[in-house]
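These notes concern the structure reproduced below.
Counting from 1, the numbers follow the sequence of the chain as shown. Everything numeric in this text was worked out from a predicted model, so none of it was measured. Start at 1 and go down the list; that is how both ligands and their atoms are numbered.
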Amino acid sequence: MKVFHTEAEWRPIWASIFKENKKIGFIPTMGALHQGHLDLVAKSIASMDITLVSIFVNPTQFNSSDDFKNYPQTLESDLAQLEAAGAAYVFVPSVTTLYPQPTRLRFDFGDLEQVLEGKFRPGHFNGVGLVVAKLFNLIQPNRAFFGQKDLQQVAVIKRLVQDLSFTLSIEVVPTRREKDGLAMSSRNMRLKPEERQQALLLYQQLSQAKKRLLTGDLWTTVLADTEAAFSNAANTKLEYFALLHPETFEIFDSFTQDAPRSICIAAYVGQVRLIDNLPIIL
Ligand code: PAF
């Protein structure tokens, strides 16, 4: 496995991969890797000739400087896991490599960024769009792999790929969960032991809601019960619990079974903000 840090190192490697007509699978990450990331790596290894992972904690997508400062960084163990998983290349750029000058470029993802993560984390998707577009341009992958846990991010990136005519495909990989249902996330590393237990409320509410909607309960009742469950639970704060179309992110206040629907949730457990989602109708 080769680790590189600059575009200059990558260019000649890319040229020989291109000459041999080999296909590059790309997994952009912010490090602090877990099995969810390794699932993306495994998918790429199974279907592509070359698998490249990037590790970069992107400052432009954090709307809180504390969140940026506290984001877990575990480069040494990340590299060991990627080596064991069989990745061929790891790109670890510095901030000045990706942002040689402060950029004024702004994306507008329209309705997609007016709700949920876009609303509660202003500027977040602009930062994601910037870094992902830069990485796609630098690496020139044939396919990029993203986790379904970041459902709204997936919708934004698909829009970016279409609007900027990137000639790559996007593959979405199902959310990897711990045995008790908690969605794997780099942020879970920041949970104290009692918070790790409290964090189960997110998946419990999602799965109960799914069951109830599919057996005829009204969305308004389900939503009210989830809000009450969070108000009654210690050390948690619900930010949103929303029923929506998984691609357009149109939000609904009643449930029908005749179109794709997912529920997305964001909540604080202590100081740690977690997100999750569950498809209800595919
Ligand atoms: O999902 C993430 O880890 C990040 O948002 C991404 C796509 C690597 C961009 O920094």
Original post:
Rounded to the nearest 0.5 Å, how far apart are CG of Leu160 and CG of Leu112?
Top reply: 11.0 Å
**OP:** May I have the step-by-step check of ring-ring contact (aromatic ring centres under 6.0 Å, His included) for Phe91 and Tyr89, ending in yes or no?
**Re:** CA-CA 7 Å; Phe91 180 35; Tyr89 296 96; over 10 Å; no
Subject >> Which residues share a ring pair (Phe, Tyr, Trp, His ring centres under 6.0 Å) with Phe145, sequence neighbours left out >> reply: none
Subject >> With sequence neighbours excluded, residues passing side-chain hydrogen bond (donor to acceptor under 3.5 Å, both in side chains) with Asp253 >> reply: none
Subject >> Every residue of the protein that comes under 4.0 Å of ligand 1, judged on heavy atoms >> reply: Pro28, Thr29, Met30, Asn58, Gln61, Val131, Phe146, Asp150, Gln153
Original post:
Mind checking what makes side-chain hydrogen bond (donor to acceptor under 3.5 Å, both in side chains) contact with Arg212, not counting sequence neighbours?
Top reply: Asp217, Asp225
Original post:
Under 3.5 Å, is there a donor-acceptor pair linking the side chains of Asp111 and Gln114?
Top reply: no
